[in-house]
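For reference, the structure discussed in these notes is given below.
We're numbering straight along the sequence, starting at 1. For the numbers below, each heavy atom of this structure counts, side chains included, while hydrogens, waters and symmetry mates do not. Start at 1 and go down the list; that is how both ligands and their atoms are numbered.
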Amino acid sequence: MKVTIIGGGHIGGACAFGFIKSGSVEVNVTARSQETLSKYQNSGIVATSDNVEAAKWADVVILAVKTSQMNGVLEQLKDVLKDKIVVSMAAQVTPEQFSGYAPYLIYAIPNTAAAFSNSVTFLSDISAGKDRMKIVKSIYDTIGICIEVDYKMLPSGISLASCGIGYAMKYMAAAVEGAVELGFSKDEAAKIVCQTVQGACMVVEAEGFKPEAEIKKVATPGGLTERGLNAMDKGGFTESVINGLKASL
Ligand SMILES: NC(=O)c1ccc[n+]([C@@H]2O[C@H](COP(=O)([O-])OP(=O)(O)OC[C@H]3O[C@@H](n4cnc5c(N)ncnc54)[C@H](OP(=O)(O)O)[C@@H]3O)[C@@H](O)[C@H]2O)c1
């Protein structure tokens, strides 16, 4: 499968590196600046500033530019995109804005763990149809898990996984800050927090995702963990997380 990503910035780059690692996708990436193009040196990914040639080469063209940059790209690629499967990673550009440019349109919203083959990607078929959707899913399956949703559910998915990876990191940053107050160096704290979070993921996954039950196993009544959890709840931890998710809709 030949995939071109127009816009090899943060998320375009994360997907490009994830795809190429899978060994089952050939990848071209475009960007404007030499600085961005140079990060693809010796990666097996072809990087160029020629959007038109890169799009012509591909079976699937992924658009990963910022909302404000999309119109210019669509105008430039108007003649090429009409025969291609077009994937938008720019959720804030509406399907109407693609009308007249991309007859076979799918939205795919991954997160930055794509670079490490651990993305959660939300896929939404706008006008591509089942067979083309299958092709796009097979591409994104190489960089993590895919969840197919109606277009109206995309904002919720983005909040939970694309913004959500940042929210998970927010907990980690807070834990590191606390660990330093408890006397650890920042490096020690980072290692401890990372391993603890990875361990928590493994435990809840192995036990069929029952985090509340797992918390009970850790928190003996009247014990230290319970004291900590109570302090977190008093500080509005759960409510803050839910408010954060809703604020990013
Ligand atoms: N970041 C995320 O976690 C995430 C997750 C899901 C979806 N998204 C969506 O993905 C899109 C990109 O976000 P981002 O964070 O990756 O932004 P970004 O880092 O700014 O990347 C945008 C890239 O597009 C390139 N570009 C701009 N105009 C171009 C043009 N005319 N031709 C070719 N390349 C062009 C830029 O090139 P230069 O670097 O050379 O300027 C840059 O590398 C946004 O619509 C965002 O909403 C982001």
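A salt bridge is defined here as a Lys NZ or Arg NE, NH1 or NH2 lying under 4.0 Å from an Asp or Glu carboxylate O, and Glu53 with Lys56 meets this definition.
Among protein heavy atoms, atom 9 (C) of ligand 1 sits closest to Met89 O, 3.1 Å. If you check which protein heavy atom lies closest to atom 25 (C) of ligand 1, you get Gly7 CA, 3.6 Å. With respect to atom 34 (N) of ligand 1, the closest heavy atom belonging to the protein is Ala31 CA, 3.5 Å. In this structure, atom 13 (O) of ligand 1 lies nearest to the protein heavy atom Ile11 CG2, 4.0 Å. With respect to atom 20 (O) of ligand 1, the closest heavy atom belonging to the protein is Lys66 CE, 3.2 Å. The nearest protein atom to atom 31 (N) of ligand 1, hydrogens excluded, is given as Val73 CG2, 3.6 Å; this is a heavy-atom distance.
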| request: Determine, stepwise, if the pair Ile126 / Phe98 fulfils side chain to side chain contact (heavy atoms under 4.5 Å, CB included). | output: CA-CA 10 Å; Ile126 304 301; Phe98 288 99; over 6 Å; no

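Within the 4.0 Å heavy-atom criterion, the part of Ile109 lying near ligand 1 is the side chain and not the backbone. Only the backbone of Ala64 comes within contact range of ligand 1, with a heavy atom under 4.0 Å; no side-chain atom does. With a 4.0 Å heavy-atom cut-off, ligand 1 is reached by no atom of Val93. Here Gln69 has side-chain heavy atoms under 4.0 Å from ligand 1, and that is the only part of it that gets that close. Contacts of Thr112 with ligand 1, taken as heavy-atom pairs under 4.0 Å, involve the side chain alone. With a 4.0 Å cut-off on non-hydrogen atoms, Ile158 does not touch ligand 1 at all.
Of the N or O atoms in Gly9, one or more lie within a sub-3.5 Å distance of an N or O in ligand 1. Residue-to-ligand polar distances place Arg32 within reach of ligand 1: an N/O pair is separated by less than 3.5 Å. Between Val65 and ligand 1, a contact under 3.5 Å exists for at least one N or O pair. Here's the thing with Ser162: none of its N/O atoms is less than 3.5 angstrom from an N/O atom of ligand 1.
Of all atoms in ligand 1, numbered sequentially from 1 with element shown, those under 4.0 Å from a heavy atom of Thr36 are 38 (P), 39 (O), 40 (O), 43 (O). Heavy-atom contacts of Ala90 reach the following atoms of ligand 1: 45 (O) (cutoff under 4.0 Å). Residue Ser33 has at least one heavy-atom neighbour below 4.0 Å for each of these atoms of ligand 1: 38 (P), 39 (O), 40 (O). Atoms of ligand 1 found under 4.0 Å from any heavy atom of Asn51 (numbered from 1 in listed order, with element): 30 (C), 31 (N), 32 (N), 33 (C).
Ring planes of Tyr171 and Phe237: perpendicular class, angle over 60° (limits at 30 and 60°).
Hydrophobic clustering (side-chain heavy atoms under 4.5 Å, transitive across Ile, Leu, Val, Met, Phe, Trp, Tyr) groups Ile158 together with Tyr107. Taking hydrophobic clusters as Ile, Leu, Val, Met, Phe, Trp and Tyr residues chained together by side-chain heavy-atom distances below 4.5 Å, Leu154 shares a cluster with Leu105. Residues Leu81 and Val87 fall into different hydrophobic clusters, defined by Ile, Leu, Val, Met, Phe, Trp and Tyr side chains chained together at heavy-atom separations under 4.5 Å. Leu63 and Phe17 fall into different hydrophobic clusters, defined by Ile, Leu, Val, Met, Phe, Trp and Tyr side-chain heavy atoms under 4.5 Å apart, directly or through other members. No single ILVMFWY cluster, assembled from side-chain heavy atoms under 4.5 Å apart, contains both Val80 and Ile62.
Counted within 6.0 Å of CD on Glu177, heavy atoms from surrounding residues, nucleotides or ligands total 12 or fewer; the atom is thus considered open. Within a 6.0 Å sphere centred on OH of Tyr167, other residues, nucleotides and ligands contribute more than 12 heavy atoms. Within a 6.0 Å radius of CZ in Phe116, other residues, nucleotides and ligands contribute 12 heavy atoms or fewer.
Put simply, atom 47 (O) of ligand 1 has no protein non-hydrogen atoms near it, under 4.0 Å away.
The shortest separation from a heavy atom of Gln92 to ligand 1 is not under 4.0 Å, leaving the residue out of contact. Heavy atoms of Ala91 come nearer than 4.0 angstrom to ligand 1 in no pair at all. Remark: distances from the non-hydrogen atoms of Pro110 to ligand 1 include one below 4.0 Å.
Interatomic distance, Asn111 CG to Thr121 OG1, rounded to the nearest 0.5 Å: 7.0 Å.
Looking only at side-chain heavy atoms (C-beta outward), Met89 and Cys15 come within less than 4.5 Å of each other.
The closest donor-acceptor contact from the side chain of Ser248 to the backbone of Gly244 lies under 3.5 Å.
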